[in-house]
Amino acid sequence: MPELPEVETVRIGLARLLPGRQIAGVDFDWPKSFPNAAADVQKFLSGAEITGVERRAKVLIIGLSTDYSLVIHLKMTGQLVFRGADEQFGAGHPNQSLVGSLPDKSTRVTLIFIDGSRLFFNDQRKFGWMRLIPTPEVMNLDFFKKVGPEPLSADFTRQVLRERLLRRKNSNIKAALLDQTVLAGVGNIYADESLWGAKIHPATLVKGLAVRQFYNLYDELIFVLKLAIEKGGSTDKNYVNAEGKRGSYLSFARVFRREGQACPRCGTIILKTRVAGRGTHFCPNCQKLKPVS
DNA sequence: CACTTGACCTGTCCGC
DNA sequence: TGCGGACAGGTCAAGT
């Protein structure tokens, strides 16, 4: 669920809310959510000031004045929700909020700032994690060494997308788009949405795609990612931004979670199948599976 | 080596 | 109503 647009939306919110705040303490219980030893957490977090919030792929990097960074992956159900000291932790937000009283039973880590405000790391399914890493070593993490280019960076061109996808020429296009070593940040929602835009069947083999199709896919991918950031991401069940509010992209979605509805382009009923091990939505008329010639 | 599948988890929904 | 099982889908390890 949190894909590039959702993580970027959280980053924008945290970058506005956190820098300059000083950490007083941290509470955490589930060790896998924060694997650093408890002593290290207290030692390198307490007294640290937050210097900035960055994103690479679907990972958030919160910089600290101690030359350590908090590296966070939300995986499927992670949330990072900030509450100011003057906000009742138990009251929730009136406007489109999905989270109420905090901490709740999905809260894995709580950062407490000296001004009384708090940052809650909630994660229902416990797949996500937060790690304290010396800042110069962050990019040495295996994930960062392998991850592909940022699709919204200036040097990510149509040609680059085609070259990267062709690294998996024998895969279907959906599996290749989801492969984080091919390019960073695309997950199930935006893979389906961009393939619909480019009129490509998700099971099409990469080697069977024409150059023009790669370029169409590039245009649709960039369009969908930018629109999703504009809409604050997609909220299905869990995802919320740094203020606990929903994203609205799904009301603009063309195929994702719209099985049984009419394709907005041709009116054919949208199907849901399984491709690359994931639930996959597509229009059987606009996105035909052609044999490799 | 290229590629696919299963494990990690919990909550929800569906059929009986 | 209760209960088992399928499903949700990001990433890594294990399997083919």
Side-chain angles (χ1 to χ4, degrees), chain A residues 1-10 28-35 55-61 71-80 98-100 103-109 121-131 140-148 150-151 163-195 202-208 225 228 233-240 247 249-250 253 255-260 271-282 292:
Chain A
M1 304 215 196
E3 304 179 27
L4 188 154
E6 288 73 32
V7 180
E8 178 63 14
T9 301
V10 173
F28 67 104
D29 49 6
W30 187 253
K32 281 188 170 180
S33 297
F34 203 168
R55 178 190 60 76
R56 173 76 171 100
K58 300 171 190 170
V59 180
L60 285 165
I61 304 161
V71 181
I72 304 167
H73 201 309
L74 301 174
K75 289 287 181 83
M76 316 276 289
T77 56
Q79 306 173 328
L80 280 172
L98 265 187
V99 289
D104 62 26
K105 63 179 173 180
S106 74
T107 300
R108 309 297 169 207
V109 184
F121 175 37
N122 300 332
D123 186 15
Q124 181 183 97
R125 289 174 70 181
K126 301 179 176 176
F127 287 174
W129 46 261
M130 175 181 288
R131 290 170 65 184
N140 293 332
L141 288 173
D142 284 347
F143 176 83
F144 285 131
K145 285 198 280 191
K146 292 186 299 184
V147 74
E150 287 291 322
E163 287 163 19
R164 302 290 302 186
L165 287 171
L166 283 170
R167 287 157 55 113
R168 291 195 58 165
K169 57 188 166 67
N170 292 315
S171 292
N172 59 61
I173 182 63
K174 176 141 182 187
L177 275 175
L178 294 175
D179 184 343
Q180 299 299 294
T181 70
V182 170
L183 73 156
V186 177
N188 209 34
I189 298 171
Y190 305 109
D192 282 4
E193 290 290 291
S194 58
L195 287 169
T204 309
L205 293 182
V206 173
K207 65 183 175 189
L225 292 176
S234 296
T235 296
D236 180 25
K237 290 186 174 65
N238 281 271
Y239 167 74
V240 292
Y249 176 84
L250 284 187
V255 284
F256 191 83
R257 287 288 155 79
R258 294 197 182 278
E259 61 270 29
L271 301 181
K272 182 178 180 185
T273 57
R274 232 168 157 75
V275 177
R278 314 295 170 126
T280 297
H281 315 73
F282 70 104
V292 179

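When reading the values below, keep in mind they use all heavy atoms of this one structure, side chains included, and skip hydrogens, waters and symmetry mates. Residue numbering restarts at 1 for every chain, and letters A, B, ... go by the order of the sequence lines.
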Next on the checklist: Restricting to salt bridge (charged side-chain N to carboxylate O under 4.0 Å, His left out), what partner residues turn up for A/Glu193, sequence neighbours left out?
Outcome noted: A/Arg254

Checklist entry - So where does chain A start and stop touching DNA chain B, 5' to 3', when the test is distance under 4.0 Å to a non-hydrogen atom? => result B/dC3 to B/dG11

Checklist outcome for this item: Contact check, residues 163-180 of chain A vs DNA chain B, heavy-atom distance under 4.0 Å, returns A/Arg167, A/Arg168, A/Lys169, A/Asn170, A/Ser171

Checklist outcome for this item: The first and last nucleotides of DNA chain C lying within contact of chain A, meaning any atom under 4.0 Å from one of its heavy atoms, run from C/dA8 to C/dC12

Checklist entry - Hey, does A/Arg274 reach any base, or is it just sugar-phosphate, or nothing, if we go heavy atoms under 4.0 Å? => result sugar-phosphate

Checklist entry - From A/Thr77 OG1 over to A/Asn122 CG, what is the distance, rounded to the nearest 0.5 angstrom? => result 9.5 Å

Checklist entry - Partners of A/Arg257 by salt bridge (charged side-chain N to carboxylate O under 4.0 Å, His left out), sequence neighbours excluded? => result A/Asp236

Item to check | Consecutive-pair stems (at least three Watson-Crick or G-U pairs, under 3.5 Å) that include DNA chain C | outcome: B:2-8 with C:10-16, B:10-16 with C:2-8

Checklist outcome for this item: Sorted by position of nearest nucleotide on DNA chain C, 5' first, the leading residue of A/Arg278 and A/Arg257 is A/Arg257

Checklist outcome for this item: side-chain hydrogen bond (donor to acceptor under 3.5 Å, both in side chains) filter on A/Thr273, not counting sequence neighbours, yields none

Checklist outcome for this item: By side-chain hydrogen bond (donor to acceptor under 3.5 Å, both in side chains), A/Lys58 pairs with (sequence neighbours left out) none

Next on the checklist: Under 3.5 Å, is there a donor on one side chain and an acceptor on the other for A/Lys145 and A/Asn140?
Outcome noted: no

Checklist entry - Who passes side-chain hydrogen bond (donor to acceptor under 3.5 Å, both in side chains) against A/Thr280, sequence neighbours left out? => result A/Lys174

Item to check | Residue whose closest nucleotide on DNA chain B lies nearer the 5' end, A/Lys237 versus A/Arg125 | outcome: A/Arg125

Checklist entry - If you measure from the Lys or Arg side-chain nitrogens to the Asp or Glu carboxylate oxygens, is any gap between A/Asp179 and A/Arg168 under 4.0 Å? => result yes

Item to check | Results of salt bridge (charged side-chain N to carboxylate O under 4.0 Å, His left out) for A/Arg55 - residues two or more places apart only | outcome: A/Glu8, A/Glu150

Next on the checklist: Using a 4.0 Å heavy-atom cut-off, does A/Lys32 contact any base of the nucleic acid, only the sugar-phosphate backbone, or nothing at all?
Outcome noted: sugar-phosphate

Checklist entry - A/Gly277 near the nucleic acid: base, sugar-phosphate alone, or nothing, with a heavy-atom cut-off under 4.0 Å? => result nothing

Next on the checklist: In whole Å, measure the gap between the P atoms of B/dC9 and C/dA14 for me.
Outcome noted: 15 Å

Checklist entry - Who are the ring pair (Phe, Tyr, Trp, His ring centres under 6.0 Å) partners of A/Phe34, not counting sequence neighbours? => result A/Phe28

Next on the checklist: Heavy atoms only, 4.0 Å cut-off, all strands: where does A/Phe256 land among base, sugar-phosphate and nothing?
Outcome noted: sugar-phosphate

Next on the checklist: If we count only N and O atoms by modelled type, under 3.5 Å, do the side chains of A/Glu3 and A/Tyr239 hold a donor and an acceptor together?
Outcome noted: no

Item to check | Criterion side-chain contact (heavy atoms from CB on, under 4.5 Å) on A/Val240 and A/Val10, from CA distance to verdict | outcome: CA-CA 8 Å; A/Val240 292; A/Val10 173; over 6 Å; no

Next on the checklist: Applying side-chain hydrogen bond (donor to acceptor under 3.5 Å, both in side chains), can you list everything that pairs with A/Asp104, at least two apart in sequence or on another chain?
Outcome noted: A/Ser106, A/Thr107

